[in-house]
Amino acid sequence: MSTLRLALKADYDAGLLPRILDVYDLLPVELLLGGYGEQLPALHDGRADVALVPAPFDDRGLDSEPLITGPRVVALAASDPLAAHTHLQLSDLAGRRLPYGQPADSGEPTPPFPPHSPLDHSQIFNLIEVGSAVWFLPAWLAERFPRPGITYRPVEGLDPVTLTVAWPARSRSAAVAAFVDAAQQAARTVRSRKGQRS
């Protein structure tokens, strides 16, 4: 193994990637950037050695470690009457839909991103700005995308999201083990700065 291949969705690293790469120095890291839901197949078919993925996910054949857990918020059009509220309940979102068609107030646990979504961030944000959809996303992702036409609000009862590092259970690679250790070290540093428990 001459490089470590890391699969991830762009901007979906909770700000950890630069910190991980500062710690990890065993092998050069090749980034395999892909769309939503493409990281797990890359692990299973051998294109990637390790991945950063949000939980929950189908972990059959994989090992994983949690890194960062944080709240999700709802993104809505700044013109939406709900944007005037500082906190929302799921029931407040009655009549609104997520970008993939599900009712926003169903309360059903849904992954942050459905597998193989054809929509990217910019397309989703366009739908939100014109009032066609709302979106649940991690607060740390919302911080990266301040937009004048979008308001982010906390929603009571919305499950948090956990970013994990995952790798094939069959892996015995020292490079993968070192990357996992580096990811955990970077996450501990971030959690300690935010006063979160390990």
Side-chain angles (χ1 to χ4, degrees), residues 8-20 33 35-37 39 51-57 64-94 96-100 102-115 117 119-166 183-198:
L8 73 159
K9 172 76 181 82
D11 295 317
Y12 211 88
D13 64 343
L16 287 181
L17 184 58
R19 297 173 187 273
I20 295 170
L33 298 173
Y36 303 130
Q39 292 70 43
L52 295 177
V53 292
F57 57 87
S64 65
E65 288 290 338
L67 298 176
I68 293 283
T69 298
R72 281 193 293 166
V73 295
V74 66
L76 7 107
S79 59
D80 190 310
L82 292 179
H85 298 253
T86 55
H87 289 79
L88 299 171
Q89 307 279 336
L90 274 173
S91 59
D92 295 329
L93 298 169
R96 290 162 178 84
R97 297 210 163 265
L98 299 175
Y100 323 106
Q102 309 100 311
D105 65 331
S106 68
E108 292 296 318
T110 57
F113 305 109
S117 168
L119 301 175
D120 63 21
H121 288 150
S122 61
Q123 292 168 320
I124 291 172
F125 284 132
N126 285 154
L127 290 173
I128 295 165
E129 285 173 325
V130 299
S132 296
V134 300
W135 186 32
F136 301 136
L137 70 162
W140 43 258
L141 182 58
E143 290 168 4
R144 288 189 173 196
F145 290 95
R147 293 170 76 110
I150 292 178
T151 298
Y152 300 106
R153 292 290 180 258
V155 180
E156 187 174 332
L158 198 58
D159 290 336
V161 62
T162 297
L163 181 69
T164 71
V165 57
Q184 292 175 308
Q185 182 178 331
R188 280 193 299 271
T189 300
V190 170
R191 289 196 305 264
S192 66
R193 288 180 181 174
K194 293 183 176 181
Q196 296 179 4
R197 293 181 179 178
S198 299

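- Here the closest heavy-atom approach between residue Ala83 and residue Ala78 is recorded as CB-O, 3.7 Å.
- Checked against side-chain contact (heavy atoms from CB on, under 4.5 Å), Arg97 has the following partners two or more places apart in sequence or in another chain: Pro103.
- Atom CG in Leu76 sits 10.0 Å away from atom NE2 in His85 (nearest 0.5 Å).
- In terms of the side-chain contact (heavy atoms from CB on, under 4.5 Å) criterion, residue partners of Ala133 (sequence neighbours excluded) are, by chain and number, Pro99, Leu127.
- Across all their heavy atoms, Ala139 and Val73 have their closest contact at CB-CG1, 4.1 Å.
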Q. Which is it for Leu88 and Val74 under the side-chain contact (heavy atoms from CB on, under 4.5 Å) test, yes or no, and what are the steps along the way?
A. CA-CA 9 Å; Leu88 299 171; Val74 66; 3.8 Å; yes
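- The side-chain heavy atoms of Leu137 and Arg72, taken from C-beta on, include no pair separated by under 4.5 Å.
- Atom CH2 of Trp140 and atom CD1 of Ile68 lie 9.0 Å apart (nearest 0.5 Å).
- For the atom pair Lys9 NZ and Gln39 CD, the distance stands at 8.5 Å (nearest 0.5 Å).
- Taking OG1 of Thr189 as the reference point, atom CG of Leu16 lies at 9.5 Å (rounded to 0.5 Å).
- Ring orientation note: the planes of Phe125 and Trp135 are nearly perpendicular, at an angle over 60° on the 30°/60° scale.
- Residue pairs satisfying the side-chain hydrogen bond (donor to acceptor under 3.5 Å, both in side chains) criterion with at least one member in residues 146-157, sequence neighbours excluded, are listed as follows: Gln89-Glu156, Glu129-Arg147.
- For Gln185, there are no side-chain hydrogen bond (donor to acceptor under 3.5 Å, both in side chains) partners two or more places apart in sequence or in a different chain.
- Heavy atoms only, all atoms of each residue included: Leu93 and Ala104 are closest at CB-CB, 4.0 Å.
- Every residue two or more places apart in sequence or in another chain that forms a side-chain contact (heavy atoms from CB on, under 4.5 Å) with Ala94 is listed here: Asp105.
- The shortest distance between side-chain heavy atoms of Tyr12 and Val53 does not fall below 4.5 Å.
- Note that the NE2 atom of His121 and the CG atom of Leu141 stand 4.5 Å from one another [nearest 0.5 Å].
- In this view, Thr162 and Thr69 satisfy the side-chain hydrogen bond (donor to acceptor under 3.5 Å, both in side chains) rule, not counting sequence neighbours.
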